[in-house]
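To find a chain, count down the sequence lines: A is the first, B the second, and so on, and within it residues start at 1. Values below: all heavy atoms of this structure, side chains included; hydrogens, waters and symmetry mates excluded. Only a predicted model underlies this, so the values are computations on that prediction, with no experimental measurement involved.
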2 protein chains.
Amino acid sequence: MAEASAVAEVVARQLEGLLQAGNYDGAKLLLQPVQPVDSAEAIGTLPRTLQALAFRLLPKNEAIEVYEYLDGSVQQSLLERLRSGEVLELVEEMSPDDRVRLFDELPAKVVRRLLAELSPAERRVTAQMLGYEAETAGRLMTTEFIDLKEFHSAQQALDIVRRRARDTETIYSLYVTDASRHLSGMLSLRDLVTADPEDRLGDVMTREVMSVSTDTDQEEVARVIQRYDFLAVPVVDREQRLVGIVTVDDVIDVIQQEATRDLYAAGAVQAGDEDDYFRSNLFTVARRRVVWLLVLLVANTGTSAVIASEQHVLKQVVLLAAFIPLLIGTGGNVGAQSSTVVIRGLSTQRLQSLGPWRTIGRELVAGALLGGLLAVVVVPWAWTMGGSALVAASAGISLVAITTLAATAGAALPLLFDRLGLDPALMSAPFITTATDVAGVFIYLRTAQLLLPRLGGG
Amino acid sequence: MAEASAVAEVVARQLEGLLQAGNYDGAKLLLQPVQPVDSAEAIGTLPRTLQALAFRLLPKNEAIEVYEYLDGSVQQSLLERLRSGEVLELVEEMSPDDRVRLFDELPAKVVRRLLAELSPAERRVTAQMLGYEAETAGRLMTTEFIDLKEFHSAQQALDIVRRRARDTETIYSLYVTDASRHLSGMLSLRDLVTADPEDRLGDVMTREVMSVSTDTDQEEVARVIQRYDFLAVPVVDREQRLVGIVTVDDVIDVIQQEATRDLYAAGAVQAGDEDDYFRSNLFTVARRRVVWLLVLLVANTGTSAVIASEQHVLKQVVLLAAFIPLLIGTGGNVGAQSSTVVIRGLSTQRLQSLGPWRTIGRELVAGALLGGLLAVVVVPWAWTMGGSALVAASAGISLVAITTLAATAGAALPLLFDRLGLDPALMSAPFITTATDVAGVFIYLRTAQLLLPRLGGG
């Protein structure tokens, strides 16, 4: 099979040709066997004027699915180009979670108008979901699930599933609620089809159901689904009533999004919608990068200030300057390693078994150990190259001090941020590296100054 | 709900108490409602001597599932503690994909013995899967899927599904093959339960089936499942015969694993089994980190050599040294940003639409733009702090040159590695940063030397 999105590219090229030639039946035939996500990507890459044209060629059922896969900006431009009747039908038929995602990006005025025109049931659900905080289970969930009762027989339940299969997100996870809509159990469609038709659901369902609440963070929802290999997890409100479910496909996107966020933090890039980066213009790109650069620059001016104030040491032995980048660079690398493993350990929860103090202690020892190993290489090399025992000794001693400090800070700062309820990824490599720089030059030049009278200048 | 793995911790503590008190019935009752993955984690944290004891308390069906969730090292130690009859039964009943994962870690001698004792069918499947390369669809897939025929009616198909539900990984994706086992279509259980019982599968199935081949890379398999919101994807061999399926739960683990790998690369940590890091001893930790540190150290010695050879410039104006860390630090940060967005763009395939040359061009312009913005801050500050026009001018000019170079290299090197078939993540932040250092000091000191006669020393 070719790369996943190559299909969309080919379709887009052919589609544009057919539309420009006015061959609408050809275009319709072309789109027929194409997967909705590929149709969406193909339509998204067409010139704006052709997008609405192509979209109208889709059969109604598929149009909604394709619309849900479109990028936010394409969705909006289509809303402006379609007739208001078409818009209303589209918005009414969308899954609640996709609708909420769309409404999040539309101007408040448009959202109010569309909300007012929705059917009462869809309006209630949408308004409720819009009330939950971003990146929580309440926002991620769909309210289209199948709930059954304990007194249903397996046969009755299967009939209900058949009837409702078309308008629910999944029929593979089925939930059982009591009279006041409290979640009392669940069963999979696998359980249902293998059960005796006469069995009551109350007897075949699982009563220990793992659920999340509407305000559970989306990362935690992803962890539950990943850990237990679920296809969906039920979402309950404060009164433990079942209000929705989160499905595995949405969770994969969350995992991807959180990984991008952590990677961007590790690269000092402000996270935004990841799909935007390569499409946004250069000024948006610069804006998303310059803030972090300025923050780090301020920290770097500290390094310059330290060197400037210790100039007298450098004036005596200029060669000392040659090893500054090496020392702070290595310190930065060791600190980056520690913060990387700790931040990843926090986010995958692998670190829990060790606890914060033992983690910091381990990294401290690892930092000293690594510094020692590297010093074995650096000291002889510095001595040979520079011909100065003072410089070599200063470099060796401060290397161990710097790597120890960097590893300790690299572990401690993300853990501190996590404890304070802040995002530990803020304390990732770039910040640790820059903070290490300031301390590193200070340690190095002070060490040299102390050794100076004993060993004599270079 | 509490954090996902808190359950396992509580269970482990209670389980250990019950086992030590000899209360085996109590332990059995305790484990009954616990999810297999939690039982596995709880058993994994017990002292080795109690693990086999606890494991034997599980009902047979659940024991296999729990075993599949255990860490590799716990699986191995259990194999040594169980009787050979128990071992054989366990290995025979495991899913083929989990069995292959276990065999990958066992000594070759043990694998040969176990293989010989498997039933012919399981032996054939396992030997075949062991023949596929690591991290391909062939290794990730399970051979337990349901294949149907075009001439089956929906009712017949449903009966087959019911009969085979217990021993297949999923019953929600169903595949239709012809007489020579070629994949001719697929349908979901949803399609099947909503179809008319009299319908032939040939009429209700989808004929356009997206499939991967046994040697497709696991990242690409993950992308297909993620992109199309599949619950499973079929795997075909070179002759297009259906040989297995990959399910969404395995793909989530791949996505997580690949994200960890990219993050570790960005933090200069050699990727291993991520769960190992916090459990492995300090020397293993040091070994996994020191290699990268040494590679980067070698690059850093280049920086030292450049400064040492340009000492004469520094001797004239020692203050120049004060801005070295700031300049190369900022250059490193800009380069890290570029390599981060490019590497992520390659791995999520967002970058495809832009192409390599335009990507590099964009980053070059972004680097120059960012350098210019930062110079506006740096130059006045350097002038004020150092009181030297020479130093301020050198810093400003070289800052723009360094950020432009860093951004260009940060985009170009990962793209080059990708084109060469190497892992672009090798060209992530630490490498780019270090490479920028060498070029950065060279540019800075040469610029200063050029300006020296015009502006005069500090």
Considering only heavy atoms from C-beta outward, does the side chain of [X] approach that of [Y] to under 4.5 Å?
X        : Y        : answer
A:Ile307 : B:Ile324 : no
B:Gln337 : A:Arg288 : no
B:Thr433 : A:Thr433 : no
B:Arg190 : A:Val161 : no

List the atom of [X], the atom of [Y], and the distance in Å for their closest heavy-atom pair.
X        : Y        : answer
B:Arg162 : A:Thr194 : O-CG2, 3.9 Å
A:Leu263 : B:Thr340 : O-CG2, 3.4 Å
B:Ser304 : A:Ala322 : OG-O, 2.9 Å
B:Asn333 : A:Pro430 : OD1-CB, 4.4 Å

Most chain B-contacting option - heavy-atom pairs closer than 4.5 Å, from [options]:
options                                : result
A:Val441, A:Val236, A:Val37            : A:Val37
A:Leu354, A:Ile328, A:Thr359, A:Leu297 : A:Leu297
A:Ile171, A:Leu294, A:Thr303           : A:Ile171
A:Leu319, A:Thr247, A:Leu314           : A:Leu319
A:Ala429, A:Gly345, A:Ala165           : A:Ala165
A:Asp229, A:Asp253, A:Val269, A:Val378 : A:Asp229

Side chain, backbone, both or neither: which part of [X] has a non-hydrogen atom closer than 4.5 Å to chain B?
X        : value
A:Leu327 : neither
A:Val334 : both
A:Leu158 : side chain
A:Thr403 : neither
A:Ser309 : neither
A:Glu363 : side chain

- Item | Inter-residue atom distance B:Gln35.CD - A:Thr206.OG1, 0.5 Å rounding | 8.0 Å
Checking heavy atoms, do the side chain of [X], its backbone, both or neither come under 4.5 Å from chain A?
X        : value
B:Thr45  : neither
B:Leu369 : side chain
B:Val193 : both
B:Leu282 : both

Most contacts with chain A, counted as non-hydrogen pairs under 4.5 angstrom, among [options]:
options                                : value
B:Leu296, B:Val341, B:Thr330, B:Ile225 : B:Val341
B:Phe283, B:Phe230, B:Tyr172, B:Trp381 : B:Tyr172
B:Val285, B:Leu373, B:Leu374, B:Ile255 : B:Leu374
B:Met385, B:Gln226, B:Arg163, B:Lys315 : B:Gln226

- Task: For residues 296-310 of chain B, pull every pair meeting salt bridge (Lys or Arg N to Asp or Glu O under 4.0 Å), keeping only residues two or more places apart or in separate chains.
- Result: B:Glu310-B:Arg446
- Message: One pair to check against side chain to side chain contact (heavy atoms under 4.5 Å, CB included): B:Gln256 and A:Arg223. What are the steps and the verdict?
- Response: CA-CA 11 Å; B:Gln256 184 89 339; A:Arg223 270 197 287 265; over 6 Å; no
- For residues A:Tyr228 and B:Asp249, is any side-chain donor paired with an opposing acceptor at under 3.5 Å? no
- Message: What I want to check is whether the side chains of B:Ser338 and A:Arg289 have a donor and an acceptor closer together than 3.5 Å.
- Response: yes
- Message: So, using side-chain hydrogen bond (donor to acceptor under 3.5 Å, both in side chains) as the criterion, who are the partners of A:Arg207 when residues are at least two apart?
- Response: A:Glu150
